[in-house]
Amino acid sequence: MGNILNNLKSLTKKSKSKMVLCVVDGLGGIPHPDFGGKTELEAARTPNLDALAQKSTLGLMVPVQYGVTPGSGPGHIALFGYDPEELVIGRGVLEALGVGMELQEGDIAARANFATKNAEGIITDRRAGRISTEECQRLVQRLQESIQTIEDVEILLKAGKEHRFVMVLRGKDLGDNLQDTDPQKEGLPPYEPKGFDTLSEKTAYIVKRFLEKAEGIIESEPRANAILLRGFSKSPTLEKFPERYGVRALAIAIYPMYKGIARLFGFDTPDVEGDLRNEIELLKSQWQEYDFFFLHYKDTDKAGEDGDFSRKVECIEYFDSLLPEILSLSPDVLVITGDHSTPSLLRGHSWHPSPVLLYSPYGGVPTGTRFTERECASGYLGHFPAKALMSLMLASALRLGKFGA
Ligand code: ZN
C-alpha cells in the first residue's frame, strides 16, 4: 500500500456524515468438523445481519500480514488505519492499559511480578506462590504510599491479578531500551536493571533505586519479597485519530485494554459497564456529539479462545439481535468486522482474514445473501489489508477529496 494511506489528512473534507465501526472481537472462524463443517458465523441464526449483508459490500481483511496471527493491539491499530508493523505498542504499555492506567506520551511502562527470593538473593518462585489479588493490592498500595517519586520521576503502580502489577515511570527523557530484570527461570538471581542507550540508562538507574526501596519495604513478606520487571516500553507519540481524519471520535468499550488503546489514539472513552446493550445505549446518547464511533464487543473472542463453538454462535446471535438498535440511528457508514479471527477450532487468535461488511449507499456493489466468511470471500471488496478500512469508510462517508488533479 502506498503512503497516501498515511497521509489521508490531506484529502479529508468536512461533512456531517456519521460512521460506526463495530469490532466484534475475534469474529472470523474456520469450518468446525463437529458442527457440520460450518464456521460460527455460518452456524448462527442472524436474520438482521443477513438482511444487512444483502444491502452491503462484503470482503475479507488481512489484519496485519498474510499468515501472521495478531494480538488485539496490532489488530486495532490496523483498523484505525495506522501501520501495525511500524507502530508497535509494547507489552508493558498494553499491560498498563489493560489495568486501566491512563498513560501520557513518553511514559515508560513495565509488567511487574511479585516473586520469592531466598537469603542468597536467588529467585525460588517467580510468582510468589501466586498470592491472591487482594494480597497484591495490599502490597502495591503499601509500595505506592511510600514511593511516589524517585528524583524527578513519578512512580505509578497498579495491581493486576494475583502476583502481577504494573509500574509506570513518568518523567523527562526516559528511554525504554532496557534489559528485563526477570530471569524467566527460578534458581537464578534477578538481572540488574540495564539500559542500552543514554536515555535508557537513566531509566535503569531509576528502576534500580525503585527496586532497592521497594524490596526494603517488602523484605519481611513471607512470599512476596522480591519484584521482577519485564517488557519495558514507551507510550508512543502518534498523530491522533481525530486530527488525522477530521472527526470527533468516541470509543465505546467495556474492557480497559480496548478503551486504553482508543485513548492513546485520542478517542474520547467514557466508562460503560454491563454488556453490549449498555454500549449501544451509550452510542445512542452520544449520537449528536460525535462523527465516528468505535464500538467494541468482546464476548465472541472469549468464546473462541475457550474453544466454545456454541457460545461463540450465541454471542454472534446476540449481536445480531441488537443490530436493529444501531441501524435505527441511520449511520451513513456502518462497518461490522473483527480485529482478527478467533476460530473456536484453534482455541485462540489466528492469522485468517476477518470478514467485513460495509453498509453505505456509496459502498459499492452488494453481492451476498448472508454475512459469512464464505460469502465475504467472493465479495465486492475482495481481500484487502485492514489498514485500508479507514479510507474505505471515509470515502463511503463522502469525506475524502480527490487525489491529484
Ligand atoms: Zn481481539
Side-chain angles (χ1 to χ4, degrees), residues 20-30 39-41 44 59-85 87-100 111 160-161 231 241 251-265 267 269 272 275-276 279 293-309 311-316 318-319 335-357 371 373 376 384-390:
V20 179
L21 169 61
C22 290
V23 177
V24 182
D25 206 302
L27 176 64
I30 55 176
T39 70
E40 296 87 343
L41 268 172
L60 286 175
M61 287 190 319
V62 181
V64 171
Q65 261 304 348
Y66 296 105
V68 172
T69 297
S72 288
H76 279 84
I77 291 171
L79 289 175
F80 296 158
Y82 295 66
D83 191 329
E85 292 178 83
L87 175 61
V88 176
I89 301 180
R91 295 294 325 184
V93 169
L94 277 179
E95 195 85 354
L97 298 175
V99 297
R111 306 169 80 184
K161 291 220 166 79
F241 188 98
I252 303 175
I254 291 171
Y255 279 71
M257 189 179 94
Y258 305 93
K259 222 192 287 182
I261 293 176
R263 197 183 306 121
L264 275 185
F265 283 88
F267 282 77
T269 57
V272 52
D275 80 346
L276 182 61
E279 293 185 277
F293 301 84
F294 155 54
L295 189 148
H296 180 260
Y297 176 52
K298 173 73 180 169
D299 297 355
T300 31
D301 179 58
K302 280 199 291 186
E305 292 210 331
D306 292 343
D308 194 335
F309 186 94
R311 200 170 91 235
K312 189 169 168 193
V313 167
E314 280 165 24
C315 293
I316 291 169
Y318 183 57
F319 179 84
V335 163
I336 300 168
T337 188
D339 51 338
H340 52 77
S341 293
T342 307
S344 34
L345 185 64
L346 288 170
R347 293 177 173 271
H349 293 191
S350 76
W351 61 95
H352 300 95
S354 294
V356 56
L357 174 158
F371 181 43
E373 295 83 353
C376 287
F384 64 99
K387 191 192 153 189
L389 178 67
M390 271 308 301

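Every number for a ligand or one of its atoms is a count from 1 in the order of the listing.
- The distance from the Zn ion (ligand 1) to the nearest N/O/S atom of Thr342 is not under 2.8 Å.
- Of the candidates Leu345, Val313, Thr342, Leu27, Glu40 forms a side chain to side chain contact (heavy atoms under 4.5 Å, CB included) with just one, namely Val313.
- Atom CZ of Arg311 has more than 12 neighbouring heavy atoms from other residues, nucleotides or ligands inside a 6.0 Å radius.
- Under a 4.0 Å N-O distance rule, the pair Asp306/Arg347 does not qualify as a salt bridge.
- When you scan the N, O or S atoms of Asp339 for the one nearest the Zn ion (ligand 1), you land on OD2.
- Closest approach between the Zn ion (ligand 1) and any N/O/S atom of Asp25 involves OD1.
- When distances to the Zn ion (ligand 1) are checked against a cut-off of 2.8 Å, His349 contributes no N, O or S atom below that limit.
- Aromatic pair Phe241/Phe294: centroids not less than 6.0 angstrom apart.
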